[in-house]
Amino acid sequence: MQNKLFIYNSLSKQKELFKPLHAPFVGLYVCGPTVYSDAHLGHARPAITFDLLFRYLTHLEYKVRYVRNITDVGHLENDADEGEDKIEKKARFEHLEPMEVVQKYMNTFHKNMEQLNTLHPSIEPRASGHIVEQQELIKLLIKKGYAYETNGSVYFDLLKYNEKYKYGKLSGRVLEEMQSNTRTLEGQDEKHNSFDFALWKKATPEHLMRWPSPWSDGFPGWHLECSAMSTKYLGDEFDIHGGGMDLQFPHHECEIAQSTAALGKESVKYWMHNNMITINGQKMARSLGNFITLDELFSGKHKLLTQKYSSMTIRFFILQAHYRSTLDFSNEALQAAEKGLTRLMKALETLRKLKPSESSTVDIKKLREKCYEAINDDLNSPILLSFLFEGVKYINSVNEGVDKLNSADIESLRNLLETFIFEILGLKSEKEIDIDKPFIDDLIDAILNIRQIIKLNKDWSTSDKIRGELNKIGIIIKDKKEEVDWEIE
RNA sequence: GGUCGGUUAACCGAGUGGUUAGGUAGCGGUCUGCAAAACCGUUUACGGCGGUUCGAAUCCGCCACCGACCUCCA
C-alpha cells in the first residue's frame, strides 16, 4: 500500500508526509515516565497516542523500533526540598530503598499500560543503566567546547552553542529574551549564564543516588538520558521523537542542543507532541485535589468519580479526541464514551451473525478509503471513529432489514472494522477484561435479589431451581434467616 | 509580564470560506409482557465586537475568558 501518512511536525509547525530515513525501518523514541508515584491520567495520553502511531506504522508494514525510557535517576527539586530528589523523598517517606521505589512504581506503570492494551516498546531503557553512555556524552560535549565544569558539576554552554546553532527552534524561545526575563534562582552562581543547564550534578552528602565520574560523585542531568539512549538505540539520526507538549521546553529543546552539539547535526526528523488532559476544565494537580491515578479510575475509588471506568473506556475516550487537542475528563463524558464503546463492540457481534443478501446497498470500499484518509491525516482518530460508527450504522441497518450486504461485503466490512478497532486503535472486547471479582459479585447479588422476591411469593420450586442451577456452575447458596450468603466452590 | 495554543450546541469532541462530523443525552415514532437493544424522524452551535467577501463559525484585527510552558523538577 502506498504510504500517505502525514504527521504534524512540531519543528516545522505543519503536517508533513512521513518518509522514513531508512525504509522499511522506523526509529521511534518516546519520553517515558519518571517512576516515583502511581501512573495517572497524564501518563495514559502519550502512551495511547504513541501506541496508536506504533500500531499504525506496524500495520503499514514498517519495521519499527519503539524506544521508551524509564527515568529512574533522581533529579534535584528546585523548591523547598533543598537538594532532596523526588525518588529519595518518597524513599524516606515509605522507608524503602530508592531502587525499591523505582521498581514498585515501574511495576504499577507496566500493569496499567497492559490494562490500557498498549503494546510493549521494543526497548525500554532505564536511565540508571546508561550512566556510562551519559558520561561519555558529557566528555564529548566538554571536548567540543560546549560544556564546562564548575565545582564538580558540568553545565551546557548555551551561549557557545547559540553561536553556531540556533537555540529555541522547537519552542520558539529566543536566548536573548530568556536572558533578560529569567528569574533568579539559588545555586546559579556555578553557571556562566542562568539558562545553562546541568549535564552532571555533584551530589550533596545526603543524596543517595550517586555514581562516580571524572568530575564528582553525582548524577546526570535530566535532559541527558534521552539524548544518550536515543543515540545508542536509534543512531545519530532517527525518524520520530514523541512526548507530551509540556516537555517541549525545556526538555526537548535541551535534547536538541545536546545532540546537535555532540553529533554536529540534528538527530530527529519529526517531533510529535500530544496535548494535555484537564479534569472538569482544570489542570490535574495534587494541590487542586483532582489528581486521579489510573488505578483509581479503574476501581472508581476517588471522590470525583461517580463510578468505575474500564481501561478500554479510558482508551476509547482518549481516542475520541485528536492527540493535539486538550482533552477534558468528566464523569458525564466518560459515561458517554462507555456507552459509545459498548455500541461499537455490540455491532461487531451483530456483524458475525448477519445474513448476506444477493447485493449490497452500501459502499464498503468507499468506507475503507475514508478510514485510511482519516488515520493518514495526522492520526485523526476521532474522524476515524466517526467512520467506524458509519459502519456500525450499516450493520444495524442490515440487521433490521433496512439495508443489504452481500457476503463479500460482509467479509470486507468485518475485516475493515476488526483491523481498525482491534489492530490499529488497540481496543478490545470489554468482556475479556470486565470479568473480575466485583463484576461477578454484582451479578450474583442481582440474581439473588430477584430470588428473594420469588421466595417472598412462596414460589419455592422456582427458588429451588435457581439454587440448583447456580449450584451446577459451582456457586453454593447458603440460606439464612434474614439474608443469603454465597461462595464459589 | 513573555511565548504558544484554545473558546463549537445539554456533555465530550471533529471539521470546513457556501453542502449531516461522530459519540452520549433529549424529544416523537416503530418494535416490545416490562425493560434494554436496534431502526426511522427530530430540537438546542460555532466567545464578544468590527473588517475582508456575493457569502465566514471557517480569513484578518481588537477585546474577553481558559490552558500549557517560561531552566537545573522529572
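Lettering of chains follows the sequences in order, A, B, ..., and the numbering in each one begins at 1.
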Report which part of the nucleic acid [X] touches: base, sugar-phosphate, or nothing (heavy-atom distance under 4.0 Å, all strands).
X	answer
Phe317(A)	sugar-phosphate
Arg324(A)	nothing
Phe197(A)	base
Thr350(A)	nothing
Ala336(A)	base

Inset, instruction - Sorted by first residue and then second, give each salt bridge (charged side-chain N to carboxylate O under 4.0 Å, His left out) pair with at least one member in residues 365-387 of chain A; sequence neighbours left out. - result: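 Residue pairs with at least one partner in residues 365-387 of chain A: Lys15(A)-Asp377(A), Arg324(A)-Asp378(A), Lys370(A)-Glu390(A).
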
Inset, instruction - Write out all pairs satisfying salt bridge (charged side-chain N to carboxylate O under 4.0 Å, His left out) with one or both partners inside residues 41-51 of chain A, taking only residues at least two apart or from two chains. - result: Asp51(A)-Arg55(A), Asp51(A)-Arg315(A)

Name all residues meeting the side chain to side chain contact (heavy atoms under 4.5 Å, CB included) criterion together with [X]; count only those two or more places apart in sequence or in a different chain, and write none if there are none.
X	answer
Lys355(A)	none
Asn9(A)	Leu11(A), Ser12(A), Glu16(A), Tyr270(A), Trp271(A)
Lys139(A)	Glu136(A), Pro214(A), Trp215(A)
Asp217(A)	Arg210(A), Pro212(A)

Inset, instruction - Give a yes/no answer on whether the side chain of Asn396(A) brings an N or O atom under 4.0 Å of OP1 or OP2 in rC39(B). - result: yes

Legend entry - Phosphate OP1/OP2 of rG15(B) contacted by Asn380(A) side-chain N/O (<4.0 Å):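 True: Asn380(A) side-chain N/O within range (under 4.0 Å) of rG15(B) OP1/OP2.
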
Give the table of side-chain donor-acceptor pairs shorter than 3.5 Å for residues 326-333 of chain A, with sequence neighbours excluded, one pair per line with atom names and distance.
unit_1	atom_1	unit_2	atom_2	d
Asp328(A)	OD1	Thr278(A)	OG1	2.7
Asp328(A)	OD1	Asn280(A)	N	3.2
Asp328(A)	OD1	Gly281(A)	N	2.6
Asp328(A)	OD2	Gly281(A)	N	3.4
Ser330(A)	OG	Ala333(A)	N	3.2
Asn331(A)	OD1	Thr306(A)	N	3.0
Asn331(A)	OD1	Thr306(A)	OG1	3.1
Asn331(A)	OD1	Tyr309(A)	OH	2.5
Asn331(A)	ND2	Leu304(A)	O	2.6

Legend entry - Listed partners of His302(A) passing side chain to side chain donor-acceptor pair (under 3.5 Å), at least two apart: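 With sequence neighbours excluded, His302(A) shows a side chain to side chain donor-acceptor pair (under 3.5 Å) to no residue whatsoever.
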
Contact list (N/O, under 3.5 angstrom) for nucleotides 66-69 of chain B vs protein:
unit_1	atom_1	unit_2	atom_2	d
rC69(B)	O2'	Arg173(A)	NH2	3.2
rC69(B)	O2'	Phe249(A)	O	3.3
rC69(B)	O2	Arg173(A)	NH2	3.4

Legend entry - Separation of atom CZ in Phe195(A) from atom C1' in rG2(B), rounded to whole Å: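 Atom-to-atom, Phe195(A) to rG2(B), this comes out as 16 Å.
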
Considering only nitrogen or oxygen atoms on both sides, find all protein atoms under 3.5 Å from nucleotides 25-30 of chain B and state each distance.
unit_1	atom_1	unit_2	atom_2	d
rA25(B)	OP1	Lys339(A)	NZ	3.4

Inset, instruction - Could you tell me which residues satisfy ring-ring contact (aromatic ring centres under 6.0 Å, His included) with Phe387(A), sequence neighbours excluded, listed by chain and number? - result: none

Inset, instruction - Give each stem of RNA chain B as a range with a range, requiring at least 3 consecutive Watson-Crick or G-U wobble pairs whose two distances are under 3.5 Å. - result: B:1-7 with B:64-70, B:10-12 with B:22-24, B:26-30 with B:38-42, B:47-51 with B:59-63

